[in-house]
A.B. asks: 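Please find one structure pasted underneath; my questions will follow.
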Amino acid sequence: MFAVRQLVVEKAEGGKVGLDGGCRAVVFLEETSVSKNVLGRDEGLYDKGERPDSLIDWPVDALDYELVDIFNWQEEAAGMISQMEFFCRVDVQTETVERYVRDGLLVPDLVVPMSEHRTFKYFKEETLQKYAEQYGWTFIDDSNRKELFLDMVRQMDMSYSYKPVLLKAVLLYADNKGRVKLSDIVTYFREFYEARRAAGLVVEKANSIYAKGGYTDAQAQRNILSNPFKRFEDMQMLHHTKTLGVIQVDESVWKKLTREEKQEIERICDEKLEQYFWRLK
C-alpha cells in the first residue's frame, strides 16, 4: 500500500482525499495552502486552553508528491523462515550462511531494510529445502539433534580451547534436566586456566583473556557466551536463560545421552585439549 507525504493538508480548505484503485491513498488539492481562517481558529482554541484538531508549524505548499511504500512487511513474511531460524534448521555455521548471502550464493525471498546498515532476511520453506539439498546441509530436528551434537563433539574444530572446557563444565555441573548455572561455568573456566598458570603451563593464546589474566567474572561470562556457547546455541543444542543465569542442554539431547556417551564426550574433550596445548608449545 502507498500513501502521500502531503496527507497533512487534508485539513486545509478545499482538500479532499480519494483512493486510487484501492492501492494508493492520494490527496487531491484545490488549494495547497492552509487558509488563514483555519489558523486563526486554531489560535483561538489556544487562547481558550483547548487543543486544535490539527497542528501545522510551517506553511504547507504542495510542490510535489511522493508515493511512500507503507506495506506491512510482517504480513508478507508470515510463514517464512528468518535468517536466524535458518541457522537453527540446518547443520551449518552462522558465519557460513552469512557469507553465502553476502556472496550471492544464497538469495533470500524477502529483504526488509531496518536501518542504513541492517536488514532482516526471510526465506520460503521451499527455498530452504533447495539450498540444503544444493549444499549438502542436514536438517536439524529433535529426532537427530543428539547424533548431530555427538558428531560436533567428535569433529570439534578449535580456534581456542574453550569448547571442550565448556563441555567438561556442563558434564560436571548439570542437573538431571541438563541445567547448569552460568556462574558455575565461569568458576570452572577460571579454575581450569589458573591451574595451568600456577603449574607453569601455557594458559592460552597470548590474546586470550585467560592468558592475559586480571579478567573479571563478567568478562569471562561474555567470553563464554560469545565463543564456545554460540555455535551450540545456533543449532539449538544449548540454551541460555538470561533471567535465571542458566545454560541448559536441549532436552532432546540431554535425555537421550547415555552414560557411555557422556563418558565418550569427556574423553574426547580431554584428548582435544591435550592436542591443542601440545600445538601451542
Side-chain angles (χ1 to χ4, degrees), residues 84 87-88 93-95 145-146 148-257 259 261-281:
M84 184 60 65
F87 304 146
C88 302
Q93 293 191 12
T94 302
E95 295 77 11
R145 189 171 281 112
K146 188 202 83 168
L148 290 172
F149 174 76
L150 290 173
D151 287 343
M152 278 186 65
V153 173
R154 292 164 183 151
Q155 302 167 17
M156 193 184 308
D157 59 319
M158 296 167 55
S159 299
Y160 293 88
S161 58
Y162 306 150
K163 284 181 185 175
V165 177
L166 172 64
L167 291 175
K168 285 172 67 68
V170 169
L171 290 174
L172 178 63
Y173 288 113
D175 63 14
N176 59 359
K177 293 185 178 180
R179 298 174 300 191
V180 189
K181 291 181 181 178
L182 187 53
S183 59
D184 286 339
I185 296 177
V186 170
T187 297
Y188 187 91
F189 268 65
R190 182 180 291 279
E191 292 177 349
F192 177 85
Y193 291 108
E194 293 308 314
R196 293 189 62 84
R197 192 191 314 278
L201 300 172
V202 176
V203 178
E204 243 296 352
K205 292 178 180 177
N207 62 343
S208 168
I209 64 170
Y210 306 109
K212 294 176 181 178
Y215 54 90
T216 65
D217 284 354
Q219 290 172 324
Q221 178 175 311
R222 284 196 297 270
N223 172 264
I224 292 165
L225 292 176
S226 64
N227 285 305
F229 172 78
K230 187 176 184 301
R231 176 60 185 137
F232 293 107
E233 182 186 40
D234 285 346
M235 299 179 69
Q236 293 190 324
M237 294 175 181
L238 295 180
H239 308 284
H240 175 214
T241 305
K242 187 174 182 180
T243 54
L244 300 178
V246 169
I247 283 179
Q248 182 172 10
V249 183
D250 189 82
E251 186 177 0
S252 64
V253 175
W254 187 253
K255 282 191 172 183
K256 295 177 182 179
L257 281 176
R259 176 185 296 181
E261 288 169 335
K262 291 177 182 178
Q263 291 173 345
E264 180 189 3
I265 293 171
E266 182 88 29
R267 176 180 55 78
I268 291 173
C269 287
D270 289 338
E271 291 174 355
K272 292 288 186 179
L273 286 170
E274 184 178 355
Q275 295 167 7
Y276 176 81
F277 285 112
W278 183 83
R279 293 195 301 269
L280 287 187
K281 289 182 179 180

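One is the number of the first residue; the rest follow in order along the sequence.
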A.B. asks: Check side-chain contact (heavy atoms from CB on, under 4.5 Å) between Thr216 and all other residues, then give those that pass, not counting sequence neighbours.
C.D. replies: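 By the side-chain contact (heavy atoms from CB on, under 4.5 Å) rule, Thr216 matches Ala218, Gln219.
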A.B. asks: Give a yes or no on whether the backbone of Leu257 and the side-chain of Lys146 come within a donor-acceptor separation of less than 3.5 Å.
C.D. replies: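 The answer is no, because no donor-acceptor pair under 3.5 Å joins these two groups.
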A.B. asks: Without swapping roles, check the side chain of Gln248 against the backbone of Lys177 for a donor-acceptor pair under 3.5 Å.
C.D. replies: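 Yes.
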A.B. asks: Checking Glu191 now: which residues fulfil salt bridge (Lys or Arg N to Asp or Glu O under 4.0 Å) with it, not counting sequence neighbours?
C.D. replies: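 With neighbours one apart ignored, the set is empty.
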A.B. asks: Walk me through whether Glu194 and Arg197 qualify under salt bridge (Lys or Arg N to Asp or Glu O under 4.0 Å).
C.D. replies: CA-CA 5 Å; Glu194 293 308 314; Arg197 192 191 314 278; 3.0 Å; yes
A.B. asks: Considering only heavy atoms from C-beta outward, does the side chain of Ile265 approach that of Leu150 to under 4.5 Å?
C.D. replies: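 Side chain of Ile265 against side chain of Leu150, heavy atoms only: contact under 4.5 Å found.
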A.B. asks: Only one of Glu271, Met156, Glu274 clears side chain to side chain contact (heavy atoms under 4.5 Å, CB included) with Pro164; which?
C.D. replies: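 Answer to the side chain to side chain contact (heavy atoms under 4.5 Å, CB included) test with Pro164 among Glu271, Met156, Glu274: Met156.
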A.B. asks: Crowded around Arg259 CZ? As in, over 12 foreign heavy atoms under 6.0 Å?
C.D. replies: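 Counting other residues, nucleotides and ligands, CZ of Arg259 stays at 12 neighbours or fewer.
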A.B. asks: Quick one: does Glu204's side chain have a donor or acceptor within less than 3.5 Å of a partner on Ser161's backbone?
C.D. replies: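 Confirmed, Glu204 side chain pairs with Ser161 backbone.
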A.B. asks: Please walk me through it: do Tyr188 and Leu166 pass side chain to side chain contact (heavy atoms under 4.5 Å, CB included)?
C.D. replies: CA-CA 8 Å; Tyr188 187 91; Leu166 172 64; over 6 Å; no
A.B. asks: Nearest 0.5 Å please: distance from the NZ atom of Lys181 over to the CG atom of Leu244.
C.D. replies: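 One gets 11.0 Å once the value is rounded to the nearest 0.5 Å.
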A.B. asks: Does this structure show an ion pair linking Asp270 with Lys168, if we count only N-O contacts that are shorter than 4.0 Å?
C.D. replies: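 Looking at Lys168 together with Asp270, the answer is yes, because their closest N to O distance falls below 4.0 Å.
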A.B. asks: Excluding sequence neighbours, so at least two apart, what forms salt bridge (Lys or Arg N to Asp or Glu O under 4.0 Å) with Arg154?
C.D. replies: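 Checked Arg154 against salt bridge (Lys or Arg N to Asp or Glu O under 4.0 Å); matches are Asp151, Glu264.
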A.B. asks: Measure across Ile224 and Pro228 and return the closest heavy-atom pair with its distance rounded to 0.1 Å.
C.D. replies: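 Smallest heavy-atom distance, with atoms named: O-CD, 3.1 Å.
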A.B. asks: If I compare all heavy atoms of Val202 with all of Arg196, which pair ends up nearest, and what's the gap?
C.D. replies: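 Looking at all heavy atoms of both residues, the closest pair is O-NE, 2.7 Å.
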A.B. asks: Hey, could you give me the NE2/CZ distance between His239 and Phe232, rounded to the nearest 0.5 Å?
C.D. replies: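 One finds 12.5 Å between NE2 of His239 and CZ of Phe232.
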A.B. asks: If you look at every heavy atom in Asp184 and Tyr173, which pair is closest and at what distance?
C.D. replies: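 That would be O-CE1, 3.6 Å.
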A.B. asks: Report the C-alpha separation of Leu182 and Val246 in whole Å, then their side-chain angles, then the decisive distance to 0.1 Å, and conclude whether the side chain to side chain contact (heavy atoms under 4.5 Å, CB included) test is met.
C.D. replies: CA-CA 5 Å; Leu182 187 53; Val246 169; over 6 Å; no
A.B. asks: CG of Asp217 to CZ of Arg222: how many Å apart, nearest 0.5 Å?
C.D. replies: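 These two atoms lie 11.0 Å from each other.
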A.B. asks: Tell me every residue that passes side chain to side chain donor-acceptor pair (under 3.5 Å) with Gln275, counting only those two or more places apart in sequence or in another chain.
C.D. replies: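 Partners of Gln275 under the side chain to side chain donor-acceptor pair (under 3.5 Å) test: none.
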A.B. asks: Atom CG in Leu225, atom NZ in Lys242: separation rounded to 0.5 Å?
C.D. replies: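 Output value for this atom pair is 9.5 Å.
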A.B. asks: Is it true that Tyr215 and Asn223 share a donor-acceptor pair across their side chains at a distance under 3.5 Å?
C.D. replies: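 No - no donor-acceptor pair under 3.5 Å links their side chains.
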A.B. asks: Take Tyr162 and Tyr210, measure what ring pair (Phe, Tyr, Trp, His ring centres under 6.0 Å) needs, and give me the verdict at the end.
C.D. replies: CA-CA 10 Å; Tyr162 306 150; Tyr210 306 109; 5.6 Å; yes
A.B. asks: Can you say whether the rings of Phe277 and Phe192 are parallel (under 30°), tilted (30 to 60°) or perpendicular (over 60°)?
C.D. replies: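 Correct class here is tilted.
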A.B. asks: Can you give me the closest heavy-atom contact between Phe149 and Leu167, atom names plus distance?
C.D. replies: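 Closest pair (atom of Phe149, atom of Leu167, distance): CZ-CD2, 4.0 Å.
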A.B. asks: List the steps and the verdict of side chain to side chain contact (heavy atoms under 4.5 Å, CB included) for Lys163 and Val153.
C.D. replies: CA-CA 9 Å; Lys163 284 181 185 175; Val153 173; over 6 Å; no
A.B. asks: On the ring face of Tyr160, is Lys205 found with NZ or CZ under 6.0 Å from the centre and within 45° of the axis?
C.D. replies: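 Flagged: Lys205 positioned over aromatic ring of Tyr160.
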A.B. asks: Just jot down the salt bridge (Lys or Arg N to Asp or Glu O under 4.0 Å) partners of Lys272, sequence neighbours excluded, or say none.
C.D. replies: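 With sequence neighbours excluded, Lys272 shows a salt bridge (Lys or Arg N to Asp or Glu O under 4.0 Å) to no residue whatsoever.
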A.B. asks: Checking Lys255 now: which residues fulfil salt bridge (Lys or Arg N to Asp or Glu O under 4.0 Å) with it, not counting sequence neighbours?
C.D. replies: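 Checked Lys255 against salt bridge (Lys or Arg N to Asp or Glu O under 4.0 Å); matches are Glu251.
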A.B. asks: Using a strict threshold of under 4.0 Å (side-chain N to carboxylate O), is an ion pair present between Lys262 and Glu266?
C.D. replies: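 Salt bridge between Glu266 and Lys262, a charged N being under 4.0 Å from a carboxylate O: no.
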